[in-house]
J.: 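This is the structure I want to talk about, given as structure tokens.
Atoms considered below: every heavy atom in the structure, side chains included; atoms not considered: hydrogens, waters and symmetry mates. Positions are given from 1, in the same order as the sequence printed here.
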Amino acid sequence: MIDQAMIMAAGMGSRLKPFTDILPKPLLPLFNRPLIGWVLEQAASSGVTKVVINHHYRSKDILTAVPAMLPRSMQAVMSDESGELLGSAGGIARALNHFSGAPFFLMNSDVIVEADLSALAMHHQRLRRSLGVRLTLGLRRRSPPGADYRRINVDEGSSTISGFAGLEREVPFYAGVAVLEGDAVQGISGDRPSEFVPEILEPAIRDGKAGFFWLDDAAIWEDVGSPELWWHAHARVIQSWETLPSYWRDRLNAELLNHHGVVLPKGSPVTGIHTRAPAFWDGSGTAPDRLGPGEFIYGERPPSPSSSSPRKRIVFRGTEKSFD
């Protein structure tokens, strides 16, 4: 069993502006639960008792918020990058001395991925014994349509990664969850910026020490990297509400009950009006007289769009983006 994890939370969240002018990306809510809270609950459900979280942008916000959302069984260590953002490899190297020497999960604070972490860990341990792999990446067989992802090439027989190509569509891709051994980071400085692909992944592939594990393509996977993708994550979770893993669904139901929020799947009546797409209100302020199709409202709701058919939009503390 792997009982430790690193959660990457130091990014600037530039593509999520103007929302990240208010909060750092890991603390933006998904149904009243900060994104990083989703990751913490998933890790705890798989037996993780210690997490290391790096931080850079709006560090004080993250340092204040994380202790309040930690599962009871979990301890958090904060890895300080406030002086300089160290990148996806340098950040891991800076945090490495907080781990016990055993393997650890690597997770992103802005990726909601429904993955069997225990199965990933067992698969990695088999590959470690047989091939001496330094890391095992969780892959999905087909990237979401309409966007380009780096294609990962694999050897199915050995469960190893043979290389990767350029940006393509609907190809095998890294889904944002992995297992790393300490020797994957050997020789990388924790005092200067460096990136995961050239410093960690490429050397492991060249040495035949990079494994992979297929994740379920039908399960939830949402990369919350832009306002549009944040909107899409809300819609996907609503569509999957009844089949969410209990570690997410139970927490979300409790959050909604505490805040008097409302989640509306397609076709639900709202004061006599049927929504044509998912909608959500977080329970803040005065209840809206209606929710338009695809509206996700946090805090005070601004005036409705002027068009006769309300547009899809996400509102956070009076800041909003609309999507036609």
J.: Which heavy atom of F196 sits nearest a heavy atom of S88, and at what distance?
T.: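 F196 and S88 have their closest heavy atoms at N-OG, 2.8 Å.
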
J.: Within the side chain of R58, is there an N or O that forms a donor-acceptor pair under 3.5 Å with the backbone of D21?
T.: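 Answer holds: yes.
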
J.: With side-chain contact (heavy atoms from CB on, under 4.5 Å) as the test, would you mind laying out the steps for L215 and V113 before giving the verdict?
T.: CA-CA 9 Å; L215 302 179; V113 53; 4.1 Å; yes

J.: Check whether any side-chain heavy atom of L30 lies under 4.5 Å from a side-chain heavy atom of V224, and answer yes or no.
T.: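 They are not in contact (no side-chain heavy atoms under 4.5 Å apart), so the answer is no.
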
J.: Are D207 and R134 within salt-bridge range, i.e. N to O under 4.0 Å?
T.: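 A salt bridge links D207 with R134.
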
J.: Pair L135, H124 - check side-chain contact (heavy atoms from CB on, under 4.5 Å), show working.
T.: CA-CA 7 Å; L135 56 87; H124 170 81; 5.6 Å; no

J.: For a 4.5 angstrom cut-off between non-hydrogen side-chain atoms, does F19 reach S226?
T.: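 Not touching, per the 4.5 Å side-chain cut-off.
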
J.: Would you please test H98 and Q4 for side chain to side chain donor-acceptor pair (under 3.5 Å) and show each step?
T.: CA-CA 10 Å; H98 294 300; Q4 51 188 1; over 6 Å; no

J.: Tell me, do L35 and S109 make a side-chain contact under 4.5 Å, heavy atoms counted?
T.: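 In short, these two side chains do not touch, never coming nearer than 4.5 Å.
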
J.: Is D183 salt-bridged to R128, going by a charged N under 4.0 Å from an acidic O?
T.: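 Answer for the salt bridge query: yes.
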
J.: Walk me through whether T160 and I205 qualify under side-chain contact (heavy atoms from CB on, under 4.5 Å).
T.: CA-CA 8 Å; T160 58; I205 292 173; over 6 Å; no

J.: Mind checking whether F105 and W248 sit in one hydrophobic cluster, side chains of I, L, V, M, F, W, Y counted as touching below 4.5 Å?
T.: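 Yes, F105 and W248 fall within the same hydrophobic cluster.
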
J.: Could you walk me through whether D80 and R94 satisfy the salt bridge (charged side-chain N to carboxylate O under 4.0 Å, His left out) test, starting with their C-alpha distance in whole Å, then the side-chain angles of each, then the deciding distance to 0.1 Å, before giving a yes or no?
T.: CA-CA 8 Å; D80 187 0; R94 167 71 62 87; over 6 Å; no

J.: Ion pair present between K209 and E202, side-chain N to carboxylate O less than 4.0 angstrom?
T.: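 Result for this pair is no, no salt bridge flagged.
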
J.: Just checking, any donor-acceptor pair under 3.5 angstrom between side chains of R251 and N253?
T.: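 Side chains of R251 and N253: no pair found under 3.5 Å.
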
J.: Side chains of I112 and W221, heavy atoms from C-beta outward: is any pair under 4.5 Å?
T.: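 I112 vs W221: side chains apart.
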
J.: For a quick check under 3.5 Å, do W231 and E295 share a side-chain donor-acceptor pair by atom type?
T.: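 The answer is no; no qualifying pair exists.
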
J.: Of F164, F212, Y149, which meets ring pair (Phe, Tyr, Trp, His ring centres under 6.0 Å) against F173?
T.: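 Passing option: Y149.
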
J.: Any Lys/Arg nitrogen of R33 or E41 sitting under 4.0 Å from an Asp/Glu carboxylate oxygen of the other?
T.: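 Yes.
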
J.: Okay, side chain of R249, backbone of L244: is any donor-acceptor separation there less than 3.5 Å?
T.: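 A pair under 3.5 Å: yes.
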
J.: Quick one: does H55's side chain have a donor or acceptor within less than 3.5 Å of a partner on M8's backbone?
T.: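 Judged by distance alone, no pair lies under 3.5 Å.
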
J.: With no hydrogens and no angle check, is any side-chain donor or acceptor of Y247 less than 3.5 Å from a backbone partner on A43?
T.: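 A pair under 3.5 Å: no.
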
J.: Got a sec: does the CD of Q186 have more than 12 other heavy atoms crowding it under 6.0 Å?
T.: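 No, the 6.0 Å shell around CD holds no more than 12 heavy atoms from other groups.
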
J.: Given side chains that start at C-beta, do those of F31 and I238 come closer than 4.5 Å, heavy atoms only?
T.: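 In short, these two side chains touch, coming nearer than 4.5 Å.
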
J.: In terms of relative ring orientation, are F280 and H234 parallel, tilted or perpendicular, with 30° and 60° separating the classes?
T.: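 Ring orientation of F280 relative to H234: tilted.
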
J.: A side-chain contact here means heavy atoms from C-beta on lying under 4.5 Å apart; do V39 and V51 qualify?
T.: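 Side chain of V39 against side chain of V51, heavy atoms only: no contact under 4.5 Å found.
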
J.: Would you call W214 and R141 a side-chain contact if the rule is heavy atoms closer than 4.5 Å?
T.: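 A side-chain contact exists here, since the closest heavy-atom pair is under 4.5 Å.
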
J.: Ring-plane angle category for H123 and F213, please: parallel below 30°, perpendicular beyond 60°, tilted otherwise.
T.: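 The arrangement is tilted - the two ring planes meet at 30° to 60°.
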
J.: Between D217 and R142 (salt bridge meaning N to carboxylate O under 4.0 Å), is one present in this structure?
T.: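 The answer is no: the pair does not qualify as a salt bridge.
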
J.: Can you check whether L106 reaches V177 side chain to side chain, under 4.5 Å on heavy atoms?
T.: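 Of all side-chain heavy-atom pairs linking V177 with L106, none is under 4.5 Å.
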
J.: Taking I7 as the fixed residue, which of L40, V52, N54 is the one that meets the side chain to side chain contact (heavy atoms under 4.5 Å, CB included) rule?
T.: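 That would be L40; it is the only one of L40, V52, N54 passing the side chain to side chain contact (heavy atoms under 4.5 Å, CB included) with I7.
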
J.: For the CD1 atom of I22 and the CG atom of L28, what is their distance to the nearest 0.5 Å?
T.: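 The CD1 atom of I22 sits 8.5 Å away from the CG atom of L28.
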
